[in-house]
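Input: a single structure, listed below in structure tokens.
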Amino acid sequence: MLAYFVRRVLAAIPVMIVVALFVFLLLRLTPGDPAAIIAGDMATPQQLADIREALGLNEPLYTQFVTWSTQLLTGDFGTSLISRTPVTTLIGQRLEPTVSLALLTITLTILISVPLGVLAAWKHGSWIDNLVTTASVVGFSIPVFVIGYILIQIFALELKLLPVQGFRSISEGVGPFLERAILPALTLASIYIALITRMTRAAMLDVLGEDYVRTARAKGLDENAVLFGHALRNAAVPILTVIGTGFALMISGVVVTESVFNIPGLGRLTVDAILARDYPVIQGLILLTSGIYVLVNLAIDLSYAFLDPRIRY
Amino acid sequence: MSTPILRIENLVVETGGRYPVPILNGISLEIGSGETVCLVGESGSGKSVTSLATMGLLPKGALVARSGHIWLEGEDVLAAGPRRLKQLRATRMSMIFQEPMTALNPVLTVGRQIEEVLKAHASLGAGEQRRRVLEMLEQVHLPDVERIYGSYPHQLSGGQRQRIMIAMALILRPKLLIADEPTTALDVTTQKQILKLVRELQAELGTSVLFITHDMGVVADIADRVCVMHHGDIVETAATKTILSDPKEAYTRALLAAVPALLPRSPRADKSYETVLETVELGMVYRQKSFLRARPGTVAAEDVNLVLRRGRTLGIVGESGSGKSTVARCVMRLIDPTAGSVRVGGKDISSLSRNALRPYRKRIQMIFQDPNRSLNPRITVGDSITEGPINYGAKRAAARSRAAELLELVGMPADVLDRHPHQFSGGQRQRIAIARALAMDPDVLVADEAVSALDVSVQAQVLDLLDDIQARLGVAILFITHDLRVAAQICDDVAVMQKGRVVEYGPAEAVLRHPRQDYTRELIEAAPGRDWDFPNFRPLAATLAADPRI
Amino acid sequence: MTQVEARAEPLVRRRFPSLTGGRGIGIAATLAAIMLFLIVMLAIFAPLIAPYDPIQMDPSKRLQPASEMFLLGTDAYGRDLFSRIVYGARISLIVGIGAAVVSVGIGLPLGLLSGFFRPLDAILMRIMDGLMAIPSILLAIAVVSLAGASLWTVLVAITIPEIPRVVRLVRSVVLTAREEPYVEAAIAVGSSLPKIMWRHLMPNTLAPLIVQGTYICASAILTEAILSFLGAGIGTETPSWGNIMSEGRVYFQLKPSLIFWPGLFLSICILSINLLGDTARDLLDPRMKQRGAAR
Amino acid sequence: QEIRAVMHSGLRVLDPIITTAHITRNHGYMIYDTLLAVDENQAPQPQMAEWTVSGDGMAYTFTLRDGLKFHDGADVKAADVVASLKRWAERDGGGQMLMGYTASIEASDDKTVVLTLSEPFSYVIELIAKPSAVPAFIMPERMASTPGTEAVAEHIGSGPFRFMDAEYEPGVRVVYEKFEDYVPRSEPASWTAGGKNVLVDRVVWVNMPDAQTGINALTSGEIDYMEQPPIDLLPLLEGSEDITVDVLNTLGYQTMGRLNWLHAPFDDVRVRRAAMLALNQTDVLGALIGNPDYYSVCASMYGCDTPLATDAGGETMMEGSDVEGAKALLAEAGYDGTPIVLMQPTDVSSVSPQPVVAAQLLREAGFTVDLQPMDWQTLVTRRASQAAPADGGWNMFFTNWVIPEVWNPIINPMLNGGGTEKAWFGWPDDPELEAMRKEFVQATSDEERQEIATRLHQHAYEVVNYIPLGQYLSPSAWRNELSGVRKSPVPLFWDISKAE
Ligand SMILES: Nc1ncnc2c1ncn2[C@@H]1O[C@H](COP(=O)(O)OP(=O)(O)OP(=O)(O)O)[C@@H](O)[C@H]1O
Ligand SMILES: Nc1ncnc2c1ncn2[C@@H]1O[C@H](COP(=O)(O)OP(=O)(O)OP(=O)(O)O)[C@@H](O)[C@H]1O
Ligand SMILES: [Mg+2]
Ligand SMILES: [Mg+2]
């Protein structure tokens, strides 16, 4: 399995190269001109051309790619065309909010949705089950911003318990961090809670009828031990998959939530960069996210083998 | 008899749903303290349902206890809430389930699954728990307990899993032990050990045992009283001696009459010398991978040389865990042998690709040891049976009528085709598995404990069927069993396996009657009820006296 | 043998309940089917049902409350909200159901293959890793600029990033299921690989797929709106539920009905799909049918 | 003390010369100072320097006042001014024009700069003082020698605030601290002119992409100032006793549509006129702004309430759509139903309603409209394309200007008839217009200027140079802890104090 691990980590390299190349081409095929963003509304065609020239955007594609990738080999992700800030600095500034928010969200999600899904499956067909199902479905058909606004309205504006917006680093203390991160995390979690509750319920229903659940009951175990120790463990693989892909998605940024709570995260950076055609930033971000995806997926795959010994690689 | 530990009164169990169908028609049963009651009877007569009802474990919705009482030490189990039931289970009553493969959780190590019982009901330190579990594993005669402790169910042989179930049920020393065919997958020597263990427990704690079995030999050896079930009713209850020597009911008589004799059949003439299946120095080592270091593998089979000729039956008997199923699975190419080769009609198939293997698939069929999970729970029995023939070009309708026919041949009504596996009893599922294998009209049939879950009358019927098919079509059968009576009945040749090796191999007559190896001898001596002549309702000695030819 | 014939009788009777599962498909599912049908009808017959042209604006009548003239009021351009919701059903249903069907349709076979064949798995999953990393906004902008903004380009942009997630999910289920003995049994009776995958492995993935599918359906409808607003969608003139809600975002506090009504339609729609999915899956899983019948 | 302000967008480009983005201009006013400035009467005033004009009007002498220092401690020298003006003139449209008439700009000593004209040009002071789009900010010579196509690498000015590099997060937040060595003028502050007295320690600009969040944060006191709360959300703030809502930029904005002169059908002036007749300002403004308190119909291309404001030629714009007139013109021109491509940037809320309304109005007049949604980036790229609409070109798009960007024919980017080479997107080739512009800059009296501007305006309407779609205001909101928030076309943070 160590060999598998090493193989997978190495496999990340071609993945990232291909993704980088693909995105590079995709970007250049997409209309858009960073020079126009920089120069603003009044620029004349000549001025635009001059700026493009200065930014090196008039070079042939392959030269640009070669320049960029050779820089990359030396660890240089380039600088933003728009703000002239090094891409690594830009991403560095945004990484913490995103990662900490994602971690908080996923923790909340797991803590809430897994027990809820187990409960719904256990009480299959009862009013609890129906309630959980309905709530989950409504949960994923409401736009995130609505949930965000409602939470802000209640907790920040009416009860005045929490601030409306913003982000504080954990290094400034867990209190201030949580104070600002809890609402966005809940907002984000609402979709995933809905999804993962349903997924847990579905997977649990598949295993609750199995004989080993009966055996566990015959052993006189607590219902909790039966559900969580035996059934859930067998149902875990698809649940974990969804959690994992959801987590990876969050790490690559969640624009709407970041906007509603004014969190300077990777999602906004990505959208802003895309809308501004800030090529080096987009490319850097996508390299990063593809790396993250590869790692998260590797972690999921490894955990499969841990959860279900029949799965081997 | 002292106050009964368990008293079942007029228990009626029906299927759930809008049109309930009775499964148990008001049965009554009593077990006194320290007593062993054997429940025998037809496959599908409701034995497992009775035991599940007692444990309060009837599948929700599917089966419902409509009326009656189950008193456990004066307390009505049917009326007990989930809380109370939980307390009762494991400490007062525990159960060994019929199908150990599905009854064990596939993703937890068996050690942990046993330990859990201790954790839930006794407060012991971690070290002590582990010690107790290992000790228990030793007691149920498992080899290499450290490895087994850390193994997952799929890494164990059928008999080993069964012993895990037993260990799990016994570890808390319950007042009432319900054992649903606990030794079907065990070789006779191990079985003997287990029975001894149960008896010791009884002597020590006064445990009462409800023992469900098809093996009349076991009944003869351990039962105090016997209840005979038929069609959801208890048709006869009496002390063991009485039942065996003077059965009142016609059904009981028929049942006992069907018990095969321990004596090997007389050798059949070798009609053909055509070798259809051959293993050459077959070896299989299961490797366990771990994250960092490779652990030593388990040698499950080594140097196995077997030859099966057309129209013949080769029996493999031997210790549980000795590699019988492994050999079978290698022969089927369900796993890739790590050494040696398998030849079908002279062609080595041990390294053929999936596609190249396809033509051979039709020719060799297997009846799996654990029928439950070898049937896809989501598809109907009919579809499971017809899948193979349709794969090889049969028309659907034709395949279905053939399936119905086969089901009837194995003693099931044809109309079960549209039901799903979970609605059947263990023995019924096994018969479905047999029907599936036969539906392919194979040249070679690999039967892994194919009749172990069948009551002796159905068993006899199935064995007759196999015999008949063999005679008509010249099917060669590789018959894996632990039941020496069955082996004696149908095998032409017998191989005895121990620890992955074939220790004795020869004509059935020679091996079973004049064993050369100590181990074989031990096996034969350990066969339960070997001194009772069931079909004639008298001790064997009496029969021998009457017919000195034997 | 005698006992065999005798046994036949109860079995004959037992067949009946097991076929119907004890009760029909249930009130909830019937209701769901009716609701979904109504919504689909709404979409198909939008021109007949909607009182106004959904893009006809009248800035002097913006943000009107519900009245006899405007059943649910008007939006920020003075367009009739009810008419927009009715027409919006068209785009939303196509995008939602389309994305779910296409991503499942592509993801399911890929996931089955990937779960079953190890060498293929290594390659396919790396491709999926890469696909996942490409932001759908970028994809949408690129696709739209290459092929022009249309329903189809939006569908492509929304669906592509969902596919890897479906593949992963299916694969994860298959990885467990392929170790089941009944798969071995199927191999033993010579079933071809497609057949094994379809008959024996695929049904195991249904339950999670139904959940994932309805989720994709809902999120596609909402994502479509986000793309519209980033200039990579169908545009804000053509109504869709997601669109209407996004446009209503600014008026969240002042005129919540702009979000409430389309949200309600969306929720009902997804809930119906969900209930139908659950029912379908219960019908497909014989064990579930029985458990359901208990209550 | 710290003012936390939510600005209308995130600051990403820091060089106020290279871009015309308003947020960057506002940033420029924080950290840079200007030679001259404009007061609330829209009259140029001295800021860093006093000026004198030679008798023949051909030489302008600027004398720097005492005590001016850059944030790095260096004194502001005449050489810095020369370099800065040159770089500005390279980038700014008005500046370029000025340079066309300039013989030299030189530092005669450390404190004096002399600008000598080569031809008469009466608009020098107004251009150097103008607050938009690219004000002539003064930076150290080393920065100003950066080519005009490249952004400056440092951010050192001589303005009242210092830029805090370490706390800068592009697009998210900018921090300014009071520059202790700044010497304000003694006059009271008035627009960008007068004394820039900084009364707080820090000003933090945050970007909140979600306006609702901005409003909430303002209500809860997490921020002090919001530059542009959406007008539709004002009712949420108006009830509050803690918050003041007022229009600071009293001139406001002009929204407009531009036609592409190069391609059919808008290469025909009759079709252009038909399009103009089809549109009307009320509908556009109604959809864009909604609340009539904040918009007004205004035919003046120079914006209303400006010195040059006039309706000349734009009467039709005041009267609402003339569908029949448009149809007649279309028929006359033989419009064949070729779809006209309207670009709709859906990601920018201040320019996405116009095309939607216009599409409907144009359709009513008989045009076939192809409304193409896209993001703003695609739009700005595509509008630069001179290709035919079918090959990636376009027929019409919309944008907005602050009034100081359009308030005279020199600055107004649309009023350039230089054709495909010089003119702004849409590329009208209009020598007549160019001639009038030259006349304008050489005019010597205000009356003369007024007359030329009116004539030019009339002409521009006749050829449909562009279609002004009305003027609107954008109020700001702030908490009452702030006092001294002043009216100005640019948000300014001096003179504001904050109560605890
Ligand atoms: N879940 C179920 N739904 C419907 N019928 C069932 C179900 N479980 C068992 N049955 C039926 O109940 C009857 C009794 O089954 P039971 O398992 O008790 O048989 P058994 O006596 O244990 O047989 P065996 O010796 O073969 O294990 C069988 O006919 C079987 O078909
Ligand atoms: N997948 C596996 N991984 C590791 N060890 C295994 C695996 N399968 C079987 N074994 C081990 O191989 C040995 C032989 O197993 P096998 O199933 O062939 O026994 P068997 O002779 O069929 O026994 P039984 O009569 O109990 O069914 C056992 O010790 C078992 O623990
Ligand atoms: Mg049974
Ligand atoms: Mg075995």
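Just so it is clear: chains get the letters A, B, ... in the order the sequence lines come, proteins before strands, and each one is counted from 1.
Of all heavy-atom pairs between A/Val19 and C/Gly130, the closest is CG2-CA, 3.4 Å. Heavy atoms only, all atoms of each residue included: A/Ile191 and C/Tyr215 are closest at CG2-CE1, 3.6 Å. Counting all heavy atoms, side chain and backbone alike, C/Ser267 lies closest to A/Ser141 at OG-OG, 3.3 Å.
Proximity of C/Ile137 to A/Val271: side-chain heavy atoms (C-beta onward) are separated by under 4.5 Å at one or more points. Between C/Leu271 and A/Thr134, the closest side-chain pair of non-hydrogen atoms falls below 4.5 Å. Using a 4.5 Å heavy-atom threshold, the side chains of A/Arg198 and C/Asn274 count as touching. Counting heavy atoms from C-beta outward, A/Leu249 and C/Arg165 have side chains that approach closer than 4.5 Å. In this structure, the side chains of C/Met128 and A/Thr245 stay at 4.5 Å or more apart for every pair of heavy atoms. Considering only heavy atoms from C-beta on, C/Met125 stays 4.5 Å or farther from A/Leu298 through its side chain.
Most heavy-atom pairs under 4.5 Å with chain C: of the set A/Leu26, A/Leu195, A/Val138, this distinction falls to A/Leu195. In terms of non-hydrogen atom pairs under 4.5 Å with chain C, the most contact-rich of A/Val144, A/Ile142, A/Val146, A/Val23 is A/Val146. Counting heavy-atom pairs under 4.5 Å between each of A/Ser290, A/Ala203, A/Pro143, A/Gly244 and chain C puts A/Pro143 at the top.
Contacts of A/Phe145 with chain C are made by side-chain atoms alone, with heavy-atom separations under 4.5 Å and no backbone atom involved. No part of A/Arg28 comes within reach of chain C, as not one of its non-hydrogen atoms sits under 4.5 angstrom from that chain. Looking at C/Ile259, only its side chain comes within 4.5 Å of chain A, counting heavy atoms on both sides. For C/Asp278, the part sitting under 4.5 Å from any heavy atom of chain A is the side chain, from C-beta outward, and nothing else. For C/Thr214, the parts sitting under 4.5 Å from any heavy atom of chain A are the backbone and the side chain alike. Heavy atoms closer than 4.5 Å to chain A are found nowhere in C/Ile273, neither backbone nor side chain. Proximity to chain A (any heavy atom under 4.5 Å) is shown, for C/Leu138, by both the backbone and the side chain.
Contacts of residues 278-288 of chain A with chain C at a heavy-atom distance below 4.5 Å involve A/Ile282, A/Ile286, listed in sequence order. The contact list for residues 9-17 of chain A toward chain C, using heavy atoms and a distance under 4.5 Å, reads A/Ala11, A/Val15 by residue number. Residues of residues 247-255 of chain C that come closer than 4.5 Å to chain A, counting heavy atoms only, are C/Arg249, C/Phe252, C/Gln253, ordered by residue number.
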- Could you give me the CA-CA distance, side-chain angles and deciding distance for A/Thr30 and C/Val144, then say whether side chain to side chain contact (heavy atoms under 4.5 Å, CB included) is met? CA-CA 9 Å; A/Thr30 313; C/Val144 166; over 6 Å; no
- Query: After noting the C-alpha distance and the side-chain angles of A/Arg310 and C/Glu180, does the key distance pass the side chain to side chain contact (heavy atoms under 4.5 Å, CB included) rule?
  - Reply: CA-CA 9 Å; A/Arg310 288 168 299 175; C/Glu180 291 279 357; 4.0 Å; yes
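Interatomic distance, CD1 of C/Ile134 versus OH of A/Tyr293, reported as 10.5 Å (0.5 Å rounding). Rounded to the nearest 0.5 Å, atoms CD1 (C/Ile141) and CG (A/Leu27) are 9.5 Å apart. Within the model, atoms CD1 of C/Ile210 and CE of A/Met199 stand 10.5 Å from one another, a figure rounded to the nearest 0.5 Å.
When A/Ile292, A/Asn297, A/Thr289 are each tested for a side chain to side chain contact (heavy atoms under 4.5 Å, CB included) with C/Met132, only one passes: A/Asn297.
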Show me the side-chain donor-acceptor pairs of residues 230-242 of chain A shorter than 3.5 Å, one per line, residues at least two apart or across chains.
from	atom 1	to	atom 2	distance (Å)
A/His230	ND1	B/Asn105	ND2	2.9
A/His230	NE2	B/Glu116	OE1	2.6
A/His230	NE2	B/Glu116	OE2	2.9
A/Arg233	NH2	A/Phe306	O	3.3
A/Asn234	OD1	A/Tyr212	OH	3.3
A/Asn234	ND2	A/His230	O	2.9
A/Asn234	ND2	B/Asn105	OD1	2.6
A/Thr241	OG1	A/Val237	O	2.7
A/Thr241	OG1	A/Tyr304	OH	2.7
A/Thr241	OG1	C/Ser172	OG	3.1

